[in-house]
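The structure appears below as structure tokens.
Given the structure is predicted, the values throughout are model-derived calculations rather than measurements.
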Amino acid sequence: MKKLVVITGASSGFGAEIAKIFNADGFPLLLLGRRTEKLAEVAKGMDNVMIDSVDVTDYDQFEKAIRKAEAKYGKTDLLVNNAGVMLLGNVQNQNPQEWQTMLDTNVMGVLNGTQIVLNDMREREHGTILNMSSIAGRKTFVNHAAYVASKFGVHGLSETIREENSAKNVRIMMVAPGAAETELLTHVTSKSALKDYAAWEESMGGVVLDPKHVAETVKFMYDMPQEVNIREVDIAATRQDS
């Protein structure tokens, strides 16, 4: 039996594609997200898969779900911290609650998941935590201030935790995608930010990244031997200029 793979934000986008590619290779999965019906759709026809409705900002709920899956499939060997929210807006007038939501999910959620699985991995001197960041964790974008802050946070915490755990043979990896065909934009409340984003997509010929290629990248990184850590991959549509 292959080892347990846990994926947060697995109900759509990158998470759903990562689930498909690991399931096709026979890995037992724990798929986490807030929308159970969406998770059930992703898991349809899959073997050795558990789904659980979890808010990654709720540490206890998150831990219970992981321990339940570990009781069935053994310890987590790969955690993909993929859950994230992107609420575009300008700091002059954006609702501060939206900043808080992004920081809680995009930063606290990643820290929570990491702590839940890290000590077991250190003990076994085996395991991988892969954090889904963004090109916005490397450079700035207009109307993205709080989102950029959260993703710069993911870049910083990933590299720090990687350094701290390298001697224990635990891999901390990061993937930073550019604009992609995901549901991230569906929660944006700022009409002007959405308009600007749509214009930017058009400037790329309307061609953005297909999430399946991000999933292929994650699988490639994980499939490397445990003593090889592909620390960070930045991946975007060729036409994306920024």
Side-chain angles (χ1 to χ4, degrees), residues 4-19 22 28-44 46 49-73 75-76 78-89 94-121 129-134 136-137 144 146-155 157-158 161 172 174-175 177 180 182-189 211 214 218:
L4 175 64
V5 173
V6 178
I7 304 164
T8 69
S11 58
S12 65
F14 301 137
E17 291 300 328
I18 293 165
F22 276 92
L29 300 176
L30 170 62
L31 306 182
L32 301 175
R34 284 174 303 187
R35 300 170 297 176
T36 323
E37 68 290 351
K38 282 271 201 180
L39 287 170
E41 260 172 57
V42 174
K44 215 173 168 181
M46 289 184 178
V49 62
M50 287 171 78
I51 63 171
D52 219 325
S53 173
V54 161
D55 179 344
V56 294
T57 66
D58 183 332
Y59 190 101
D60 292 340
Q61 198 184 57
F62 198 173
E63 183 172 37
K64 271 185 192 127
I66 288 180
R67 298 296 173 240
K68 196 166 129 191
E70 288 182 336
K72 186 171 181 183
Y73 297 125
K75 295 295 185 193
T76 304
L78 170 64
L79 167 66
V80 182
N81 279 314
N82 169 67
V85 274
M86 180 171 78
L87 303 170
L88 303 187
Q94 189 172 16
N95 183 340
Q97 193 47 57
E98 293 194 348
W99 309 337
Q100 195 63 61
T101 299
M102 281 187 281
L103 291 167
D104 285 346
T105 305
N106 299 358
V107 178
M108 290 301 295
V110 170
L111 289 168
N112 286 344
T114 299
Q115 190 180 73
I116 290 164
V117 301
L118 184 60
N119 287 322
D120 278 334
M121 290 180 176
I129 296 167
L130 188 142
N131 297 329
M132 198 58 71
S133 188
S134 166
H144 284 61
Y147 182 72
V148 162
S150 74
K151 291 302 188 178
F152 264 71
V154 174
H155 267 68
L157 70 86
S158 297
I161 299 167
I172 311 295
M174 191 173 48
V175 175
T182 70
E183 290 186 4
L184 272 181
L185 282 170
T186 52
H187 306 291
V188 176
T189 55
V214 174
V218 169

Ignoring hydrogens and angles, tell me if any N or O in the side chain of [X] forms a donor-acceptor pair with the backbone of [Y] under 3.5 Å.
X: Gln61; Y: Asp55; answer: yes
X: Asn95; Y: Gln97; answer: yes
X: Gln94; Y: Leu87; answer: yes
X: Asn81; Y: Thr8; answer: no
X: Thr36; Y: Ser53; answer: no
X: Asn82; Y: Ile7; answer: no
X: Arg67; Y: Ile116; answer: yes

State, yes or no, whether a side-chain contact exists between [X] and [Y] at a heavy-atom distance under 4.5 Å.
X: Val56; Y: Asn112; value: no
X: Met86; Y: Ser134; value: no
X: Ile66; Y: Glu63; value: no
X: Val6; Y: Leu32; value: yes
X: His144; Y: Leu88; value: yes
X: Met132; Y: Pro177; value: yes

Residue list, ring pair (Phe, Tyr, Trp, His ring centres under 6.0 Å) with Phe22, at least two apart or on another chain
Phe27, Tyr222
Heavy-atom pair of closest approach, residues His155 and Ser133
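Closest heavy-atom pair between His155 and Ser133: ND1-OG, 2.9 Å.
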Minimum-distance pair of heavy atoms, taken over all atoms of Leu31 and Ala43:
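Result for this residue pair: CD1-CB, 4.3 Å.
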For Glu41, which residues count as a side chain to side chain donor-acceptor pair (under 3.5 Å) partner, sequence neighbours excluded?
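Listed in chain order: nothing, the list is empty.
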Going by the side-chain hydrogen bond (donor to acceptor under 3.5 Å, both in side chains) test, name the single residue among Arg35, Arg34, Lys38 that passes it with Ser11.
Arg35
Pairing donors with acceptors under 3.5 angstrom, does anything connect the side chains of Asp104 and Thr57?
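Their side chains do not contain a donor-acceptor pair, so the 3.5 Å distance test is not met.
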Sorted by chain and number, sequence neighbours left out, side-chain contact (heavy atoms from CB on, under 4.5 Å) with Lys75 holds for Glu70, Asp120, Arg124
